[in-house]
Amino acid sequence: MLKGITRIGECEWEVPIGYVPDMRVPGRFFLSDELAPSLEEGAVRQLAHVATMPGIVKYSLAMPDIHWGYGFPIGGVAAFDMETGVISPGGVGFDINCGVRLMTTPLTADEIASNKREVIEAVFRAVPTGVGSRSSVTISSGELDRMMVKGAAWAVEHGFGLEADLACCEEQGCMQQADTAAVSGKAKTRGMPQLGTLGSGNHFLEFQVVAEVYDEAAAAAFGVEVGQVCIMIHCGSRGLGHQVCTDHLKVLEQAARRYQIQLPDRQLACAPLTSPEGEAYFKGMACAANYAWANRQMIMHSTRKVMEKMYDIDYEDMPLVYDVAHNVAKREEHMVDGRRRQLCVHRKGATRAFGPDCHDVPERYSGVGQPVIIPGSMGTSSYLLHGTETAMVRTFGSTCHGAGRVLSRTKAKKMMRGQDVRARLLKRGIYVRAHHDSAIAEEAPESYKPSDEVVNVVNAVGISRPVARLEPLGVIKG
DNA sequence: ATGTGC
């Protein structure tokens, strides 16, 4: 382990005050001995830097998928007091409300085996993918504004889903604080033609089969069983969220100076939560978060339409299990040292993992906890878990979000050829569809840590519990 | 992540 880090438990480490100057609280992260060698010193320094920010509560936290990011580490969780704390775009990330949803089908893997390629090609035609991909639906700027205010509900009202889908989204797919006045014209222009598109990079749409169930009762509540085909959708707020982040970063860099906030890294640009600049970022971020929920809702709708057409199943036979945000800041109430406190919880490459009796856990999952969805990389297992009371106590109701890269995109492209990766996966029965082979090389399984190990860690710490493992059958990449 | 970069 790195010098200066203290071991607290089997999978828990502390970054003590003093690791970098001016820390207000210690850092804490969760990591197994297996994952320890891949820990980047830069990511730990970022975790310590976050601990210097005004109003941070208890700890600067990181999940086992910690790695180096813009300002805050990816895998980072930081809660700030609503009155004395700050809000920072670096604590959310450029892809605001990058997230993932899981939908079940009534089909078994055997039932789609004979025409898997066809169905994946059909979904590939129905869901625009890739950098700069454009939507098949055109919306006016007025509609875009309404969509940014209403989120997933906008999509459902326009015929892109079921009322029941909304209850199965974090926040019902809508952050109430959205105010379109905080979204620039440029951001709107970028977002307008991209609604219902998948994007690129690590975003994907994957056909999966439930390979193993670890918790029968929770699996029954979530509606999953062994052998069943599920569809996982991973994407975010596209160009709109990226532009919202860029615009507000510029403002908050100035604001940090004006409010005389001393920052060890310019990328931690922030403003008091109570300041006009901080509030404006929050409102704009909420718009982008709502855009992302509507986006995933529309992609799921397009997928359901294809499935309905190709198989003898109804639209209603494909319920949404859940939709989680991986990149967002939220106002939440948490018990801290026996006291109820209003906090702004930043989760950057981290998943909310609320326990059984928390608010915003759908009624049908109460007693279990919210579903937590952790995608693997292309060709590796994904996991469905549930949130826990331990997460509420230890991590402001948070857990990890995925595997985390081990190879840069450039390195991956140098080391592997997309066509080879595709052929290798096909040998294992996994059909990969993308516009370009280069996208496949960048996202090869070797580019990522195994998802199994991060899931082991969060299970060991108790901040979420595995419900089921899903294995890939076929995948669409941007 | 992103109309990949001042």
Side-chain angles (χ1 to χ4, degrees), chain A residues 43 46 65-76 88-101 127-135 144 183-205 233-250 253 266-267 269 281 284-285 287-293 295-296 299 324-329 346-351 375 377-378 401-414 418 434-436 438-443 447-448 476-478:
Chain A
Q46 289 185 319
D65 44 357
I66 178 172
H67 58 118
W68 188 86
Y70 182 92
F72 287 54
I74 295 158
S88 174
V92 171
F94 273 85
D95 191 5
I96 296 166
N97 192 5
C98 176
V100 56
R101 63 169 54 192
V127 178
T129 65
V131 185
S133 52
R134 291 171 75 91
S135 179
L144 180 72
V183 179
S184 69
K186 198 174 177 185
K188 290 177 187 173
T189 306
R190 286 182 71 175
M192 202 121 62
Q194 294 187 320
L195 199 51
T197 64
L198 192 64
S200 65
N202 67 358
H203 290 163
F204 64 78
L205 185 154
I233 298 164
H234 178 212
C235 67
S237 49
R238 309 286 287 107
L240 185 136
H242 192 273
Q243 193 63 46
V244 166
C245 181
T246 305
D247 293 338
H248 285 270
L249 265 175
K250 277 185 207 142
E253 274 177 21
R266 202 178 140 179
Q267 295 185 348
Y281 169 65
M285 179 204 66
C287 286
N290 291 348
Y291 180 99
W293 273 310
N295 193 32
R296 290 195 286 274
I299 292 170
V324 295
H326 283 166
N327 277 7
V328 82
H346 292 60
R347 296 190 183 92
K348 184 200 196 168
T351 314
S377 58
M378 187 170 61
H401 88 305
R405 288 198 89 87
V406 285
L407 288 180
S408 71
R409 296 190 176 281
T410 339
K411 269 189 187 163
K413 270 193 280 195
K414 268 186 194 156
H435 283 299
H436 307 288
S438 61
I440 301 177
E442 288 180 17
E443 295 298 315
S447 305
Y448 288 87
I476 291 168
K477 297 294 299 183

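Chain identifiers are assigned alphabetically (A, B, ...) following the order of the sequence lines, protein sequences preceding nucleic acid strands; residue numbering begins at 1 within each chain.
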### Query
Which is true for A/Q194 with a 4.0 Å heavy-atom rule: it touches a base, it touches only sugar-phosphate, or it touches nothing?
sugar-phosphate

### Nearest heavy-atom neighbours spanning A/T189 and A/P193
O-CD, 3.2 Å

### Task
Return the set of residues passing salt bridge (Lys or Arg N to Asp or Glu O under 4.0 Å) with A/R409 (not counting sequence neighbours), or none when no residue passes.
A/E442, A/E443

### Task
May I ask you to test the A/M378-A/I440 pair for a side-chain heavy-atom distance under 4.5 Å?
yes

### Criterion side chain to side chain contact (heavy atoms under 4.5 Å, CB included) against A/V244, the qualifying member of A/V183, A/L249, A/V92
A/V183

### Task
Calculate the interatomic distance between A/I96 atom CD1 and B/dT2 atom P; express it in whole Å.
12 Å

### Task
Report yes if at least one side-chain N or O of A/S200 is closer than 4.0 Å to OP1 or OP2 of B/dT2; otherwise report no.
yes

### A/Q243 CD to B/dT4 C1', straight-line distance once rounded to whole Å
14 Å

### Query
Rounding to a whole Å, what distance do you find between A/D95:CG and B/dT2:P?
6 Å

### Query
In whole angstroms, how far is the P atom of B/dT2 from the CD atom of A/E442?
12 Å

### Task
Please work out if A/K186 contacts a base, only the sugar-phosphate, or nothing of the nucleic acid, heavy-atom cut-off 4.0 Å.
base

### Task
Using atom CZ of A/R134 as one end and atom C1' of B/dT2 as the other, report the distance to the nearest whole Å.
16 Å

### Query
Over how many whole Å does the gap from A/L249 atom CG to B/dT2 atom P extend?
16 Å

### Query
What is the nucleic acid contact for A/R405, judged by heavy atoms within less than 4.0 Å: base, sugar-phosphate only, or nothing?
nothing

### Task
Starting from P on B/dT4, measure out to CZ on A/R238 and report it in whole angstrom.
11 Å

### Task
Answer with base, sugar-phosphate or nothing: what part of the nucleic acid does A/G236 contact at a heavy-atom distance below 4.0 Å?
nothing

### Task
For A/H203 and B/dT2, give me the distance from atom NE2 to atom P, rounded to whole Å.
5 Å

